[in-house]
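One structure is given below, encoded as structure tokens.
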Amino acid sequence: TPLSLIRNFSIIAHIDHGKSTLADRLIQACGALTAREMTNQVLDNMDIERERGITIKAQTVRLTYPAKDGNTYVLNLMDTPGHVDFAYEVSRSLAACEGSLLVVDASQGVEAQTLANVYQAIDANHEIVPILNKIDLPAAEPERVRAQIEDVIGIPADDAVGISAKTGLNIEGVLEALVTRLPPPTGDATAPLQALLVDSWYDAYLGVIILVRIMQGRLKRGDKIRMMASGAVYAVDQVGVFAPRMVPVDDLGPGEMGYINAAIKTVADCNVGDTITDDRRPATQALAGFKPSIPVVWCGLYPIDADDFEKLRDSLSKLRLNDASFHYEAETSAALGFGFRCGFLGLLHLEIIQERLSREFNLDLIATAPSVVYRLYRTNGGMEELHNPADMPDSSLIEKVEEPWINATIMVPDDYLGPVLSLCSERRGIQKDLTYVGNRAMAVYRLPLNEVVFDFYDRLKSISRGYASFDYQMDDYQESDLVRISILVNQEPVDALSFIAHRSAAESRGRSICAKLKELIPRQLFKIAIQAAIGSRVIARETIGALSKDVTAKCYGGDISRKRKLLEKQKEGKKRMRQFGKVEIPQSAFLAALKMD
Ligand code: GDP
Ligand code: MG
């Protein structure tokens with residue numbers, strides 16, 4: 001295909017504004033799939049994504065479109081995730097394209113992630129075509145939203161395309177805008193190969209698959225390729241495109257997107273963002289790539305059954321290949337044994353990985369309390385990054401501790417502004433700005449990340465009845481009065497439950513966790529003391545009374561099968577518990593204990 005007939009684009013939007021629905025419509029309109037093959041939302045193809053209605057992995061698809069000008073164009077679409085935790089995945093998709101469709105729900109208007117995504121697209125030098133979606137809704141106000149795009153974002157929206165992705169209204173308008181308004185890619189087919197490694201994942205049949213965008217040169221089957229960062233060399237077994245099924249092709253030229261398959265053994269060789277070149281005729285320079293993802297939330301994952309440790313290691317390495325933004329390293333815990341400390345982009349990312357481990361790999365795990373990365377300065381002069389609260393040394397050894405701060409943008413209807421501002425100041429937020437976009441307030445806050453990772457997002461949604469939108473960027477580190485709170489069950493510290501908090505919040509959080517654990521830990525045959533302590537000073541305490549009779553006592557005589565069921569249920573429950581000294585703590589306690597009310 002000549003370059004002039006190729007268009008590479010992303011779709012960016014605030015969550016729920018209709019990005020996936022539009023992508024499906026475009027696929028359907030270009031006849032890439034028959035109606036029967038169109039499952040609900042083709043691009044959200046992981047089970048969890050479909051269930052939660054969110055896009056996590058950026059997916060790509062190649063479409064052909066016979067335009068009104070008589071030419072048939074190749075359109076490469078990259079879907080992008082819409083959740084704040086996945087801003088990094090957005091930036092990698094954008095790096096592979098020349099333009100973006102900016103989808104805005106015409107009944108809602110511009111939201112926090114609309115802004116965040118569009119600024120990323122502007123940074124990537126994209127041509128941006130605004131799309132006003134959901135104009136079928138009676139509440140749609142396309143003219144108001146058009147003006148809002150110009151005022152708030154500052155891009156022209158005169159020829160924004162009004163559509164309904166749901167009913168299919170004016171999908172052709174979108175396709176024509178793509179070919180007439182987005183620039184074609186540039187590149188020299190005779191230059192040495194430079195291909196951007198956009199994504200890689202593990203396929204059960206084919207092994208490692210790499211998604212590439214060719215910038216310069218050609219890539220064909222049999223080529224010897226070199227990964228410029230790792231230096232690894234591989235022979236290419238297969239080259240193809242996603243249409244949206246995998247279809248092998250002879251070669252890929254400049255401006256094209258597709259996949260390659262080579263017998264790659266070492267996951268670490270395929271760094272997302274790396275440049276792939278020709279081993280025999282290498283490019284002199286790597287592409288600019290994009291910023292690597294930095295995990296901001298860490299927690300420990302431990303198998304409930306110690307025999308599953310190797311299986312967990314194997315599963316994590318497969319997941320990592322599928323998701324380069326996820327990190328892990330082996331660690332041990334006095335309470336939980338052998339496991340891994342894992343790094344995530346945010347709490348949703350953590351929950352998704354945990355869910356995939358249990359669903360796809362059938363692993364029963366305990367997760368420890370999530371923690372952000374602190375900087376610890378020791379009195380002896382050393383500085384270290386603290387990923388695990390249990391590693392925080394005695395306060396006499398600490399010079400100072402710094403914690404990460406974020407810049408957050410929150411948009412919310414005026415009616416809910418009060419509670420949102422209280423929530424921010426409760427969480428030690430510092431207001432930077434407060435402006436209005438119509439009747440929506442836009443508040444900009446500096447907040448400590450550790451106040452945000454646990455449940456800030458959920459709380460924000462509930463106090464605003466779902467109307468608030470939120471986005472954040474990492475800012476800097478700042479010294480803070482932080483303490484480690486240990487949790488003791490019958491005088492024994494449970495390292496996996498210890499956490500770090502600001503001194504001013506330590507007592508109330510200690511109290512709320514002890515109260516939670518009291519509810520979550522089942523009564524046993526003896527009394528259980530639950531305590532929260534800073535160093536040796538106890539700051540909160542609860543007691544669980546002793547249980548006097550066993551569970552089957554109330555159905556003695558008669559119904560044997562009911563008795564057996566109860567015993568089985570109890571056994572099942574046991575599998576999901578951890579023994580601490582004489583006390584068993586259920587799996588659910590570990591994460592739940594740290595979610596505040
Ligand atoms: P995404 O989060 O941006 O990918 O949004 P989705 O494509 O998953 O759409 C979110 C919700 O909006 C779904 O329930 C869609 O059915 C609905 N939706 C999408 N486009 C339209 C539209 O044009 N009109 C109406 N009424 N609903 C739409
Ligand atoms: Mg979606």
Side-chain angles (χ1 to χ4, degrees), residues 296-300 331 333-336 341 347 367-406 423-430 446-456 459 475-518 529-542 580 589-597:
V296 295
V297 180
W298 291 77
C299 82
E331 77 168 2
S333 146
L336 301 175
R341 181 120 298 242
L347 213 60
T368 67
S371 171
V372 303
V373 178
Y374 297 96
R375 287 186 187 156
L376 182 88
Y377 294 79
R378 289 187 182 254
T379 42
N380 68 11
M383 192 280 269
E384 63 206 67
E385 289 199 333
L386 193 66
H387 290 182
N388 185 350
D391 293 339
M392 188 158 167
D394 187 77
S395 61
S396 65
L397 300 171
I398 300 174
E399 161 95 31
K400 62 171 180 177
V401 184
E402 292 178 344
E403 65 178 331
W405 284 67
I406 60 169
L423 175 67
C424 289
S425 62
E426 235 171 71
R427 301 296 173 89
R428 297 190 280 137
I430 298 166
R446 244 171 80 76
L447 282 155
L449 182 63
N450 91 345
E451 300 283 350
V452 173
V453 289
F454 298 117
D455 63 347
F456 184 85
R459 293 265 292 135
D475 194 16
D476 57 359
Y477 273 77
Q478 205 174 299
E479 183 176 351
S480 185
D481 189 8
L482 298 162
V483 289
R484 185 181 77 194
I485 294 104
S486 316
I487 302 295
L488 298 93
V489 175
N490 268 358
Q491 317 304 329
E492 287 195 48
V494 181
D495 60 355
L497 285 176
S498 62
F499 64 97
I500 292 171
H502 193 257
R503 192 180 298 275
S504 64
E507 212 175 299
S508 73
R509 291 198 52 196
R511 263 203 303 273
S512 102
I513 284 170
C514 288
K516 275 253 174 63
L517 287 174
K518 183 179 175 175
I530 301 167
Q531 294 167 307
I534 300 173
S536 57
R537 188 167 64 86
V538 173
I539 55 170
R541 181 191 167 98
E542 293 279 351
F580 290 94
F590 288 86
L591 207 72
L594 287 130
K595 290 200 171 172
M596 289 180 286
D597 292 318

| task | Output, in order, the C-alpha distance, side-chain angles, deciding distance and verdict of side chain to side chain contact (heavy atoms under 4.5 Å, CB included) for Trp298 and Val373. | result | CA-CA 7 Å; Trp298 291 77; Val373 178; 3.3 Å; yes
| task | In sequence, state the C-alpha distance, the side-chain angles, and the governing distance for Leu517 and Leu497, and then conclude on side chain to side chain contact (heavy atoms under 4.5 Å, CB included). | result | CA-CA 10 Å; Leu517 287 174; Leu497 285 176; 4.0 Å; yes
| task | With side chain to side chain contact (heavy atoms under 4.5 Å, CB included) as the test, would you mind laying out the steps for Met392 and Tyr374 before giving the verdict? | result | CA-CA 10 Å; Met392 188 158 167; Tyr374 297 96; over 6 Å; no
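Distance check: Ile398 CD1 to Leu376 CG gives 5.0 Å after rounding to the nearest 0.5 Å. Rounded to the nearest 0.5 Å, atoms CZ (Phe456) and CG (Leu423) are 4.5 Å apart. Rounding to the nearest 0.5 Å gives a distance of 11.0 Å between NE2 of His387 and CD of Glu331. For the atom pair Glu399 CD and Arg378 CZ, the distance stands at 12.5 Å (nearest 0.5 Å). For the atom pair CD1 of Ile530 and CD1 of Ile513, the computed distance is 11.0 Å after rounding to the nearest 0.5 Å.
The closest side-chain heavy-atom distance from Asn388 to Ser371 is not below 4.5 Å. At least one side-chain heavy atom of Gln491 sits less than 4.5 Å from a side-chain heavy atom of Gln531.
Residues Ile500 and Leu386 come closest through the heavy atom pair CD1-CD2, 3.7 Å. The shortest non-hydrogen separation linking Cys299 to Thr368 is CB-O, 3.4 Å. The shortest non-hydrogen separation linking Ile485 to Ala532 is CG2-CB, 4.0 Å. The heavy-atom pair separating Lys400 from Glu402 by the smallest distance is NZ-OE2, 3.5 Å. A pairwise comparison of heavy atoms in Leu488 and Ala533 identifies CD1-CB, 3.9 Å as the closest pair. Among all heavy-atom pairs drawn from Ala506 and Val483, the shortest one is CB-CG2, 4.0 Å.
Note on Arg446 versus Asp476: salt bridge recorded, some NZ/NE/NH1/NH2 to OD/OE distance being below 4.0 Å.
Among Leu449, Val296, Asp475, Val372, the one residue that satisfies the side-chain contact (heavy atoms from CB on, under 4.5 Å) test with Ile406 is Leu449. Just one of Gln478, His502, Arg428 meets the side-chain hydrogen bond (donor to acceptor under 3.5 Å, both in side chains) condition when paired with Glu403; it is Arg428. Of the candidates Ser498, Pro370, Ser486, Ser498 is the only one forming a side-chain contact (heavy atoms from CB on, under 4.5 Å) with Pro389.
Under a 3.5 Å cut-off, the side chain of Arg427 and the backbone N or O of Glu451 do form a donor-acceptor pair.
Side-chain atoms of Arg484 and Ser395 include no donor-acceptor pair closer than 3.5 Å.
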